[in-house]
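Reviewing the structure listed below.
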Amino acid sequence: MQGSQDVSSQIVAKKEDEDGDYFSSSDRYATEILEEGGKEALQGPTEEELEAPDLQRKRRDVTCLTKNPKNFAIMVGVLSSVGAVLYGVDVSLISGVLLYVVDDLSLNANQTSLIASGMLLGAIGGGFLGIVMVEYLGRKTSILVACILYTAGALMEALAPSFGVLISGRLVLGLGVGIEYDAIPLYISESSPKNRRGDLVALFQLMAFFGVVLGYAVDAIFANVSGSWRFMFGSSIVFSVAYFLLMLVFPESPRWLMKRGRERDAMRNWKYMRGFAPEERSEYVNMVEVVRTELEASRQRIIWLDFIRVAEIRYAVVYAILMICLQQFSGINSITYYLGTLYEEIGLSKLDSVCICLINGGCLFISTLPAVFLMDKVGRRSLVLLLAPFTVIGLAIAGASSYIKHKIGHVVAYTIGMVIYDLFWGSALGAVPIAVNSEVYPQYLRTNGMSIAVIVTFVGSFTTTYPFARMVHSMTKLGTLLGFYGGVTFLGWVLCIFFMPETKDRTLEQIRQVFLKGPFGIAKENKRVLKMQLNSAKNKLKSLFTKSS
């Protein structure tokens, strides 16, 4: 390990001699340690060291469930992704709740909008809390705290005697959602192999939509029960308690442990979560060196300023934020929150409105499945470019349905539009922005960057959800769905064609190299790749027609 320290100190000292700032010239970042001077460091821990007593499994450690670290890494991603169910359940529960709670508590229009969007306001606060908690308490502990807040908020909602208590419960629940949304993607990203990282982060989004399906199902189950909305809210406690018990036995992220100076704990968790086969050993040593170098260079400085001062990090954060904005302003949350209300306005009964919403939830769930299997095969960029245009078509059909005067025709056309929108939204605009935000930042800024993403996510959700009813009234359904949401989606898709980089098949430490090219360098590379792909497609078509003739 002394060799590793020597390599790290040489890197920092060399750059400090030039201009006193390692990060101002990052073209050598995460590469020097793999050159000739770093060969000794690539040996990593010895077999004798790995057998030391303090590197063995601890009591009640879930790593005992499998002896193969590769299988365990996947299991970590799968089971920790279940936390997204909590958010998904709440998103769809409120659609059914709004059909009943308005009359029971005599809510006015503004109070109804606040109930619908109150969780989002709380989640913004949770994003700010996550900046501190996820960084200093750890990913796992933050998830446990989020579960406690979620449970407390759901209990307040279910027992609320008035609007004041109900909105307070929504805010408390939102705090838990914001912290959870900050911690879980980071936990998955930092614990997963590079060739499965995108798939497993996409699984987080898939579980969110599985939660949406469950929420609509719960709405349907309790639709005709006295005090239905209280049971709808209270049902989510089951999911938060179950997830809390599950996370108790999971290990902490090795990268976070390394960042906090707990090297032996980091090595132990890496041993059972990833193993020390040649590729994993190389990634581990690379991770150790990069974390040490980053921490050394970030001492005695305000690291938040690096989002502005360091060119490649500045582009990474702008890119990541724009992807989140594209996700939120494509309209998914406001459409999902008010789906039951929109069907009721068309003329369906409350029960029929709740039941037909299950189609929406099922389509969102199905639409995210391809991302779980394809994100690390075809890439993040390809999914967005291929699928996003179809969401605009779906919005156009749903918006135009308002001009159909026949009730059944209106319902059918609106449902077809929503189905098309949902089927193409999940893998493109649902899963990709979350994966991007969990991986584009260097380790010393990853918590900060993910916190920014969470805050932007829920600010965007609140911005689109709270005024949605007014937007439909003033802009019409076509103007809102196609003109606003469709217009934003199309503009974002065009920007992705030019400026969206591809980050698949890279370790977290290597991704920073992608942004060293800058936006115009990435645009030039995208143009070159796109030209090659078009030529390849032309040649295949030409050969196909030649054979047929």
Side-chain angles (χ1 to χ4, degrees), residues 57-66 69 71-90 122-123 126-127 129-155 172-192 196-197 200-208 210-211 214 235-260 262 265-266 268-274 434 438 446-447 450-451 454:
R57 288 186 175 96
K58 294 182 177 180
R59 293 180 61 188
R60 299 179 182 176
D61 194 330
V62 76
T63 57
C64 64
L65 294 179
T66 176
N71 294 337
F72 180 73
I74 296 173
M75 185 178 71
V76 166
V78 171
L79 295 182
S80 55
S81 296
V82 175
V85 171
L86 304 183
Y87 172 65
V89 165
D90 184 80
L129 275 178
I131 296 174
V132 177
M133 291 183 58
V134 178
E135 177 64 21
Y136 293 101
L137 296 183
R139 285 50 165 146
K140 173 184 172 178
T141 304
S142 296
I143 294 172
L144 294 175
V145 172
C147 290
I148 294 172
L149 289 170
Y150 193 98
T151 303
L155 190 61
V172 171
L173 184 143
L175 287 175
V177 170
I179 296 170
E180 168 199 88
Y181 234 71
D182 195 338
I184 295 178
L186 280 179
Y187 182 76
I188 298 171
S189 180
E190 292 180 354
S191 304
S192 305
R196 299 303 302 273
R197 185 180 63 247
L200 293 174
V201 175
L203 188 61
F204 175 80
Q205 186 68 35
L206 177 69
M207 288 298 177
F210 180 63
L214 288 178
S235 64
S236 61
I237 296 174
V238 176
F239 302 105
S240 59
V241 171
Y243 188 60
F244 177 87
L245 297 175
L246 176 67
M247 284 304 300
L248 280 175
V249 295
F250 267 72
E252 183 55 88
S253 159
R255 283 182 166 90
W256 179 82
L257 291 169
M258 187 67 205
K259 183 179 179 181
R260 304 307 300 173
R262 296 165 58 181
D265 289 336
R268 182 184 66 84
N269 284 10
W270 190 282
K271 174 183 176 182
Y272 295 110
M273 295 173 76
R274 298 290 302 278
I434 295 176
S438 70
R446 191 164 295 132
T447 301
M450 196 64 200
S451 296
V454 171

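Fair warning: this is a prediction, and the values are worked out from it, not measured in the lab.
For the atom pair CG of Asp265 and CG of Asn269, the computed distance is 6.5 Å after rounding to the nearest 0.5 Å. For the atom pair CD1 (Ile237) and SG (Cys147), the distance works out to 13.0 Å, reported to the nearest 0.5 Å. In this structure, the separation between OG on Ser438 and CG on Asp182 is 11.5 Å, given to the nearest 0.5 Å. Interatomic distance, Met450 CE to Ile434 CD1, rounded to the nearest 0.5 Å: 7.0 Å. Distance check, rounded to the nearest 0.5 Å: OH of Tyr243 to CD of Glu180 gives 6.5 Å. Rounding to the nearest 0.5 Å gives a distance of 8.0 Å between CZ of Arg255 and OG of Ser191.
The closest donor-acceptor contact from the side chain of Arg139 to the backbone of Ile184 lies at 3.5 Å or more, if one exists at all. For Ser142 (side chain) and Met133 (main-chain N/O), a donor-acceptor pair under 3.5 Å exists by modelled atom type. A donor-acceptor distance shorter than 3.5 angstrom exists from the side chain of Lys140 to the backbone of Leu248, with no hydrogens or angles considered.
Contact detail for Arg446 and Leu186: the closest heavy-atom pair is CG-CD2, 3.1 Å. Across every non-hydrogen atom of Ile143 and Ala183, the tightest pair is CG1-CB, 3.6 Å. Closest approach of Ser240 to Tyr150, counting heavy atoms only: CB-CD2, 3.6 Å. Scanning all heavy atoms of the two residues, the minimum distance from Pro254 to Ala266 falls at O-CB, 3.4 Å. The minimum heavy-atom distance between Gly178 and Val454, with the atom names listed, is O-CG1, 3.4 Å. When all heavy atoms of Thr141 and Glu252 are compared, the closest pair comes out as N-OE1, 4.2 Å.
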Exercise for the section: For Arg268 and Met273, run side chain to side chain contact (heavy atoms under 4.5 Å, CB included): C-alpha distance rounded to whole Å, both residues' side-chain angles, the deciding distance at 0.1 Å, then the answer. Expected result: CA-CA 9 Å; Arg268 182 184 66 84; Met273 295 173 76; over 6 Å; no

Handout entry: Step-by-step side chain to side chain contact (heavy atoms under 4.5 Å, CB included) determination, Asp90 to Leu173
Key = CA-CA 9 Å; Asp90 184 80; Leu173 184 143; 3.7 Å; yes

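By the side-chain contact (heavy atoms from CB on, under 4.5 Å) test, Leu149 pairs with Val145, Val172, Leu175, Ile179, sequence neighbours left out. Residues meeting the ring pair (Phe, Tyr, Trp, His ring centres under 6.0 Å) test with Tyr181, sequence neighbours left out: Tyr87, Phe204, Phe458. Contacts of Ile148 classified as side-chain contact (heavy atoms from CB on, under 4.5 Å), with partners at least two apart in sequence or in another chain: Phe244.
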